[in-house]
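Everything on this sheet refers to the single structure shown next.
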Protein chains: 2
Amino acid sequence: MVQDSIRVLQAQGYKVTKPRRQVLEILEEAEESLSPYDIQRLLRQQGKHLNHVTIYRILDLFCSLNLVHRILLSGGFVKCTLSNKEGCHRFMVCYHCGATQEFVDQQLCLQESKSTQNLGFHTQYHFSESSGLCSACYKKQLQKQEEAQPQSNR
Amino acid sequence: MVQDSIRVLQAQGYKVTKPRRQVLEILEEAEESLSPYDIQRLLRQQGKHLNHVTIYRILDLFCSLNLVHRILLSGGFVKCTLSNKEGCHRFMVCYHCGATQEFVDQQLCLQESKSTQNLGFHTQYHFSESSGLCSACYKKQLQKQEEAQPQSNR
DNA sequence: CCGTAATCGCAACACTGTTGCATTTAAGCT
DNA sequence: AGCTTAAATGCAACAGTGTTGCGATTACGG
């Protein structure tokens, strides 16, 4: 919820401004990650104009507060959906529709830390993203394949 | 070895050109990931001039052949050190000196696939980078801390 | 050594991200 | 509600990153 993020801003002594609300709302609605310029475009379509510098600065702030994460595979940003759950926040990204889903897995974190430790590394943070098909796009693809080769026996 | 990469190029029907050799050599020597412009700068210091477009195209080709990987945390490129080992190639990146180390961990891959599958996702590949301190930088940091508070009892 | 397809260089451009400074605004205080 | 002011935004200008088209060059097989 946007409201939760606003409370975090207030609690940390940051002002709740119109641009910040607008960016939060846009990210809240989005299914896929959005670049700063995507956000600007979407807002413009609603008649709201923000300077791209402002959007960059807002995203920097939100990331530093963990209200938003950057997806490395796409370079875009998504609203965090897990509040402050333990462990690093991981992402699945559908390479067909772009949809993202966030999750944590403490087991994975532990195992990952162990792996890197064995190699003499003192890990601070894991970045983990999986690229694949979301269930919806997977089904669509199966259907298309069947249509392409009906009753095929190969 | 550069020679191995050259054999891959030949085997796939790509020409072995001077620019391609030069980029391979630069990446072979580097400890950290290099951006296309880093590569251009380093080559220029050796009196070798490559157009940045050429470097981009060479890196694209090398990535498609898995001779080189892109590090998303830094946006730079590194030469693959594992040839064609099974499983996704993971990276540790030292946030102090920038050194990278590549590794694979089939256990991790399996567990990761299971995790995402449970969430309805059909994963194609994992992308995984860990940020932390390499053993050398970790030791350096410990020393610094001791110098800063000698015989401290806190 | 020659012919040619692959590769490279160049120019121009599009996108992404940053800095400094003047202007505006949120929010606390009467 | 109006006043104050530190925080935030807008603007302009710029730096870095990545792409496209096309003519010139080059690796490599014959």
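Proteins come first, then strands; the chains are lettered A, B, ... in the order of their sequence lines, and each starts at number 1.
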Given that B:G13 and B:N51 both sit by DNA chain C, which one's nearest nucleotide is further toward the 5' end?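 Looking at the nearest nucleotide for each, B:G13 comes out on the 5' side.
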In terms of the nearest nucleotide of DNA chain C, which residue is placed more toward the 5' end: B:Y14 or B:V53?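 The residue mapped nearer the 5' terminus is B:Y14.
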Grab the two heavy atoms, one from A:L133 and one from A:C94, that are nearest each other, plus how far apart they are. CA-SG, 3.9 Å
Is there, by distance only and without an angle test, a donor paired with an acceptor across the side chain of A:H49 and the base of D:dT9 below 3.5 Å?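 Between D:dT9 and A:H49, which were checked side chain against base, a qualifying N/O pair under 3.5 Å is absent.
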Test for a donor-acceptor pair under 3.5 Å between the base of D:dT19 and the side chain of B:H52, counting only N and O atoms. yes
Look at the aromatic rings of A:H122 and B:Y138 and report parallel, tilted or perpendicular, splitting at 30° and 60°. parallel
For the pair made of [atom1] in [X] and [atom2] in [N], what is the distance, rounded to whole Å?
X     : N      : atom1 : atom2 : value
A:R21 : C:dA26 : CZ    : C1'   : 11 Å
A:I55 : C:dC15 : CD1   : C1'   : 14 Å
B:I58 : D:dT19 : CD1   : P     : 15 Å
A:D60 : C:dT18 : CG    : P     : 7 Å
B:K18 : C:dC8  : NZ    : P     : 12 Å
A:Q40 : C:dT16 : CD    : C1'   : 12 Å

When you measure from the side-chain N and O atoms of [X] to the phosphate of [N], is any distance below 4.0 Å, counting only OP1 and OP2?
X     : N      : result
A:Y37 : C:dC15 : no
B:R70 : D:dG18 : yes
A:T17 : D:dA8  : no
A:R57 : D:dA8  : no

Hey, is B:R70 close enough to B:E129 for a salt bridge, meaning N to O under 4.0 Å?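 Salt bridge between B:R70 and B:E129, a charged N being under 4.0 Å from a carboxylate O: no.
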When you get a sec, tell me which of D:dG18, C:dT7, D:dT9 is the closest nucleotide to the side chain of B:K15?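 The nucleotide sitting nearest to the side chain is C:dT7.
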Do B:T81 and B:E102 get their side chains close enough for a donor-acceptor pair, meaning under 3.5 Å? yes
